[in-house]
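I have a structure I would like to understand better, so I am pasting it below and will then ask my questions one at a time.
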Amino acid sequence: MGRIFEHFAQQVAGWAGRPPAFIIALAVVLGWGISGPLFHWSDTWQLVINTGTTIVTFLMVFLIQNAQNRDAAAMQAKLDEMIRALSDARNAFIGIEHLGEHDLIDIRERLEQEFGRDDPRHQGIGRVILRR
């Protein structure tokens, strides 16, 4: 069952991000809007779009989250392999994604102190960001 759901979630998440999905959604909304006068802008007419979009949104959250969780896990595995492959890398960083937020903030701050917050390379990146 898990494999079937994962495959389904991956397919739906991939399809939902493509132009045809947007066009279909836009067509549904336009069709609903155009049908307003036919249904005299009734409460039921409004309830149809509200209920439909709520159900689709609710289900899509779970499908997209499943796909993102797997993508993130794959990315972590790749990064861990890169750490293992580099002789100068610190193997202690493998698996730190399982630490709590406070621990991760501490590690990031220690790395920034070790590297140097006022490093000229940071200032160069800051200028690039400001240009946007």
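Hydrogens, waters and symmetry mates are skipped; everything else that's a heavy atom, side chains included, is used. The model shown is predicted, which means the values in this text are computed figures rather than measured ones.
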Exercise. Identify the heavy atoms of Ala9 and Asn66 that sit nearest to each other, and give their distance.
Key: CB-OD1, 3.5 Å
Quiz item: Would a hydrophobic clustering, with Ile, Leu, Val, Met, Phe, Trp and Tyr connected at side-chain separations under 4.5 Å, put Ile83 with Ile107?
Solution: yes
Quiz item: For Leu26, does the CG atom sit with more than 12 other heavy atoms under 6.0 Å from it, leaving out its own atoms?
Solution: yes
Quiz item: What are the two closest heavy atoms between Ala13 and Ala67, and how far apart are they?
Solution: CB-CB, 3.7 Å
Quiz item: Which heavy-atom pair separates Phe62 from Phe58 by the least distance, and what is that distance?
Solution: CD1-O, 3.1 Å
Exercise. Return the minimal non-hydrogen interatomic distance between Pro37 and Ile34, and the atom names on each side.
Key: CD-O, 3.2 Å
Quiz item: If you look only at pairs with a residue in residues 87-100, which of them pass as a salt bridge (charged side-chain N to carboxylate O under 4.0 Å, His left out), with sequence neighbours excluded?
Solution: Arg90-Glu114
Exercise. With side-chain contact (heavy atoms from CB on, under 4.5 Å) as the test, would you mind laying out the steps for Val12 and His7 before giving the verdict?
Key: CA-CA 9 Å; Val12 171; His7 179 71; over 6 Å; no
Quiz item: Between the side chains of Gln46 and Asn50, does any donor sit under 3.5 Å from an acceptor?
Solution: no
Practice problem: State whether the number of non-hydrogen atoms from other residues, nucleotides or ligands found under 6.0 Å of Phe22 atom CZ is greater than 12. | Solution: no
Practice problem: Treat each ILVMFWY residue as a node, draw an edge where side-chain heavy atoms are under 4.5 Å apart, and state whether Val56 and Phe5 are in one component. | Solution: yes
Quiz item: Distance-only, no hydrogens or angles: does the Arg84 side chain make a donor-acceptor pair with backbone N or O of Asn91 under 3.5 Å?
Solution: no
Quiz item: CE of Met82: more than 12 outside heavy atoms within 6.0 angstrom?
Solution: no
Practice problem: Consider only side-chain heavy atoms of I, L, V, M, F, W and Y, link residues closer than 4.5 Å, and tell whether Leu104 and Leu79 are in one cluster. | Solution: no
Practice problem: Please answer: with hydrophobic residues joined when any side-chain heavy atoms are less than 4.5 Å apart, are Ile105 and Leu99 in the same cluster? | Solution: no
Quiz item: Is it true that a side-chain atom of Ser35 and a backbone atom of Leu38 form a donor plus acceptor pair closer than 3.5 Å?
Solution: no
